Amino acid sequence: MNVASLLVELVLMPLVAFVVGLAMVLMMRRIAARLQRRVGPPFFQPLFDIVKLYGKHTQTSHGLVHDLGIVMAVGGYIAAETMLPVPGMTGIADKGGLVVLAYVMMVPSLGLALGVGQCANPNGSIGISRALTAMLAYDVPFIIVIFGVAFHFGSSNLITIAAAQQAAGIAGWGVSQMPLLALAGLFALHGMLGKQPFEIYVAPAEIATGPMVEMSGKHMGGLFVMQCFQLYTAAVLYVTLFLGGGENWLSFLAKSFAVLAVPVSLAYLFPRYRTEDLVRLMWKWPTMIGLLGLAFLMH
Amino acid sequence: MTSLSDIPVIQTPPEAPARGGNPLANVFDDFIRYCRSRSLFMLHYCTGCGAIELPPAMTSRFDMERIGIQPMVTPRQADILLVTGYVSVKTLKRIILTYEQMASPKYVIGICSCTVNGGMYWQSYATAKKLNDYLPVDLYIAGCMPRPEAVIEGLKALRDNIEAGTSDNWKDYYQRYDHYLGNQQRLFGADWQTPTEVIAEAKHYGLFGPDTLGEHTRRLEDHRKPLEPLRMTLNAGRLEHME
Amino acid sequence: MTPLDTLYLASAATLAAMLVLGDWRRAGVLATLMYGVQLALLFTMQRTGSTSFDLSALGFELSWRFDALSWFFAVVTLGTAFFASWYGAGEWLRAYTGRRRLFQSALAANVFAMLLLLGSGDLLTLFVGWEATSWAGFLLMALAGGLARDAALRYLVYAMAGAMALLGALVVLFQAGGSFSYEAARATLAAMAPGPLWALIILFGLGFGAKLALLPLHLWQAAAYSETPAPGSVFLGGVVGRMGLFALALVLVGLIGIPHLQALAVPFTFLTAQDVVAWVAALTVVLPTYTALKQNDARYLLAWHGIGQGGYMLLGLIVGSALGSAGGLLHVINYAATQATLLMVVFGVRHRVGHTDLNRLGGLVARMPLSFLALLLGIISLAGLPPMSGFVSKWMVYSSLIQDGRPFLFLAAIVGTLGTILSVYKLIHNLFLGQLRAEHEQLNEAPLSMLIPMLATATLAFVTGVAPGLVLGWVADAQAAIGLPVIDYTLGGIASPRASLDMLWVVGVMFAGFGVGALLFYGAGGKTHRVHQLDNYAGGHFLDAGMRYHYSDNFYAGLMHLIGGWYRGSFHWLEGAIGSGLSLVAQGAGGWYRAINPAFYLLAASVALIAWVAL
């Protein structure tokens with residue numbers, strides 16, 4: 001691959017991720033609205049929200065770390081997108097792999113946590129403490145899934161994993177080969193998205209949206225952008241691990257949206273768990289399913 | 001000492017927004033304004049019975065989200081401050097703090113007759129009668145209480161005003177801060193202050209008007225404790241020593 | 001004179017100089033320079049096969065030599081000593097009220113003793129060096145008095161028990177092979193029956209594990225390392241515990257060998273000796289990390305993490321593959337830079353504020369921004385996130401566990417990392433973020449003499465994270481020295497079809513991403529306006545300076561609701577049970593001895609001795 005086409009990919013991949021992410025946000029809000037028998041937001045609503053927030057006249061900041069936290073949160077995801085292979089573009093996916101991607105994805109969360117900390121609002125700090133606890137909860141099944149997939153395909157390189165599945169057809173997809181791990185992965189994915197019932201760290205009526213409590217203007221706008229990336233990354237990662245990755249854009253996007261629709265549809269049917277119940281749930285069911293899947297896989 | 005009520009309050013109408021000759025000159029601003037009008041985050045400060053009309057306006061029956069309006073939780077996130085009923089003196093302090101913590105452009109909507117003229121609490125010693133004495137109200141939705149249809153209608157009117165650029169009373173709060181502060185001081189006493197910094201913000205964003213400063217803000221300067229943002233510094237001790 | 005002789009001479013000269021000039025007010029500068037000279041000497045030395053003097057005592061040959069493994073650990077030792085000493089050379093030393101000569105000498109003695117240990121050319125020298133290191137360590141831990149003395153005495157009990165175990169192991173080995181040389185030991189061990197070999201592994205494990213603070217020998221470490229004066233704590237925390245890893249690498253990997261450990265099965269189970277060691281390491285990762293999560297003193301929090309990070313090193317090493325063992329060894333140097341940075345920042349805060357209680361601080365970023373930066377880089381590295389060096393070594397350990405097909409060890413390693421992330425966020429939040437207390441508004445940044453070394457070690461941790469190839473060469477040589485498969489590396493990391501890592505690209509793209517993020521933030525949208533920390537959402541409440549609006553105590557309350565009950569203090573119970581058991585036996589024996597005619601016992605013992613000698 002020559003330098004010019006690599007550069008184009010590095011620019012295009014986050015851009016595509018953002019646009020698809022906007023559509024995913026729209027889908028999420030539409031699904032929520034339909035489940036609640038509402039009409040839901042207009043088509044461009046996610047874009048309006050972001051432009052509005054960036055276009056606020058006064059932008060309240062609590063200091064340099066508050067600003068840099070948002071920079072890290074958005075920037076970290078932009079970097080993560082280039083490690084996630086999509087149809088026709090691989091970016092730098094071969095330089096890192098699954099484990100690197102999993103850790104690069106923690107950088108935006110760390111940035112957000114730092115920014116929130118600087119706001120000097122205890123609601124925000126409580127939110128972060130809960131968000132990190134939730135991360136500890138859902139990462140246990142997630143890590144089991146990562147291990148299983150990397151072990152099954154004999155590589156932690158996402159390009160190799162996707163290529164192996166595409167070569168074998170639907171029977172060779174991760175979901176057919178490792179159904180239990182795929183189920184555990186879906187569970188972990190749901191936790192990772194931080195949607196109901198796993199949104200204790202936002203808990204609007206209790207801790208005033210936790211991490212977002214002091215976010216206004218483009219700080220909030222940055223978080224909206226981050227949400228687009230987050231939805232996209234989670235869905236695409238799942239598709240790459242279990243649903244054969246992307247052969248072409250059409251099937252790739254269809255699969256990604258379908259994957260995301262599952263947790264999003266479930267989300268609005270449940271009230272939220274308390275922190276310790278969330279941890280208990282995540283360490284019990286998805287972890288057990290994942291370990292069972294691993295046991296089948298390795299023997 | 002002059003009595004607070006003797007200090008004249010200057011009432012000037014808000015300036016009309018300047019329009020350029022070239023229709024394309026403002027296309028970017030128009031786009032931003034359009035997005036602003038289409039995405040309104042609402043903080044409902046539910047002081048009175050009007051609050052009961054908001055859930056139906058938000059949920060499946062009337063669904064505010066289809067016109068881009070969402071409830072938000074903290075003033076930092078919100079664009080609209082919705083005051084839904086009578087405003088007692090004690091509550092008004094919180095409303096003002098909440099309003100000052102919101103990021104501009106911000107809009108105030110008074111729902112129910114109580115915010116217009118005190119409504120059935122007209123004779124109460126403990127309620128503020130006219131909300132627009134203390135905050136720049138963009139829109140009143142009168143009624144006791146207004147139906148959800150009326151609320152939606154009002155919000156649509158606000159949306160159209162924002163799109164047309166005629167709803168920028170938030171600037172008035174910076175430009176005539178002395179006026180609003182005067183009314184607030186009259187109600188709360190001369191030592192009234194919030195932990196927010198309206199004057200510094202007006203200075204920072206060039207929103208100073210002829211009446212931003214005045215007799216009342218001087219009174220504020222006299223007694224208040226300074227709340228300058230914490231600057232990042234390597235030797236705070238020495239800095240303090242030099243001062 | 002060989003280069004190694006020169007190095008030992010320089011190290012001894014440092015010790016002598018500190019013994020004589022330790023009270024001089026520029027003694028810290030002198031010591032730093034002399035550590036610098038030692039470091040320079042080390043770099044001029046060849047990495048493999050430098051020998052030094054031999055001694056003959058009581059018919060035994062004592063010899064000192066350096067191989068690539070010794071050299072690698074010596075670099076970490078001298079590097080940490082250099083920066084720790086620099087940290088304590090300026091304003092810290094002027095403010096230090098303890099006995100300076102004792103302190104400076106203790107630090108120099110530690111370095112000298114550790115170099116002796118690293119250079120040991122046979123098992124007897126290893127024991128001599130081990131004892132010297134233990135006692136020098138005790139001196140450094142105890143000199144602050146008070147709590148430090150108690151902690152040091154506790155350490156001493158562990159160290160002595162470990163030394164006895166080590167002595168026992170050496171006796172067994174000598175009896176079996178008749179020599180203390182490594183070659184003879186290697187041959188003896190290769191031919192040894194499983195029973196005695198197990199005994200040896202346990203004895204060596206107890207001996208060296210006490211220093212590395214492997215479970216369940218870890219209880220002494222946090223307090224002993226935390227209560228030492230700042231540069232001493234940095235040195236202890238950064239590198240001293242790693243001597244245990246060096247010795248374990250030498251004996252378990254170098255002498256016994258990973259294949260032998262894999263072949264040695266635990267009776268009646270599916271486990272092998274390798275699994276047992278790996279699981280001890282994994283538990284050492286997980287349990288102390290979650291103990292750290294509960295600490296309310298920044299120094300103790302870091303010290304507990306130090307114990308946990310030691311587990312990663314042993315875990316990687318014992319996996320034995322090129323990738324895993326390289327990760328384990330690389331983590332030694334990465335961790336040293338990281339932990340030194342973190343401890344320097346925390347002691348810098350202590351220097352300014354007077355304490356490190358995480359519940360009584362906050363918001364210091366506005367007053368100590370450079371310390372914040374150093375701590376931020378440090379915690380990213382400790383938590384093992386890119387772009388810092390801690391990520392690279394941990395990634396190598398994880399990848400080797402995946403390749404080896406060890407899901408539970410992998411899970412344990414990651415759970416340890418997640419716990420680290422939780423706990424380091426608490427550290428940076430409670431120290432530097434949140435509300436600045438009114439009494440801290442006049443604080444100054446840490447003095448320059450403390451800032452420079454902390455930023456330097458943070459930079460080192462960053463540079464070796466971006467270009468791990470810079471130090472992977474040393475690691476590869478060390479691997480070769482103890483007979484491990486050698487890692488195939490590039491400047492940016494590892495290139496292998498099964499797991500590749502190129503940090504140059506990863507970091508490059510990450511910073512490009514941050515650049516775009518910054519462009520979006522600063523380029524788009526209006527300019528920001530800074531507000532005071534009291535201009536804050538409190539549900540409409542008016543905040544004022546007298547009001548604490550900060551969340552610090554019991555930071556992970558939700559998690560603790562679930563796992564709080566799992567902290568049973570079992571190891572404290574075990575320690576107490578062994579202690580009281582021993583004292584009961586001792587009392588009983590003493591009482592019995594006094595109650596019945598002692599002459600009879602003397603006679604019986606003499607007869608038994610004569611009978612044993614005669615037979």
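In this text, all values refer to a predicted model and were calculated from it rather than measured experimentally. These values consider heavy atoms only, across backbone and side chains, with no hydrogens, waters or symmetry-generated copies. Labels below follow one simple rule: chain letters A, B, ... track the order of the sequence lines, proteins then strands, and each chain is numbered from 1.
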Checking heavy atoms, do the side chain of [X], its backbone, both or neither come under 4.5 Å from chain A?
X        : result
C:Tyr425 : side chain
C:Tyr398 : side chain
C:Leu504 : neither
C:Ile494 : neither
C:Thr417 : side chain
C:Leu401 : backbone
C:His529 : both
C:Ala512 : neither
C:Arg548 : neither
C:Lys426 : neither
C:Val365 : side chain
C:Leu559 : both

Return the option, out of C:His561, C:Arg530, C:Met560, with the maximum number of heavy-atom pairs under 4.5 Å with chain A.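 With the most close heavy-atom pairs to chain A, the winner is C:Arg530.
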Interface moiety of A:Glu214 toward chain C, non-hydrogen atoms closer than 4.5 Å: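 The side chain, not the backbone.
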Could you check which of [options] has the highest count of heavy-atom pairs closer than 4.5 Å to chain C?
options                              : answer
A:Leu294, A:Leu114, A:Asp139         : A:Leu114
A:Ala79, A:Pro122, A:Ser156          : A:Pro122
A:Ile78, A:Ile143, A:Val74, A:Leu291 : A:Ile143

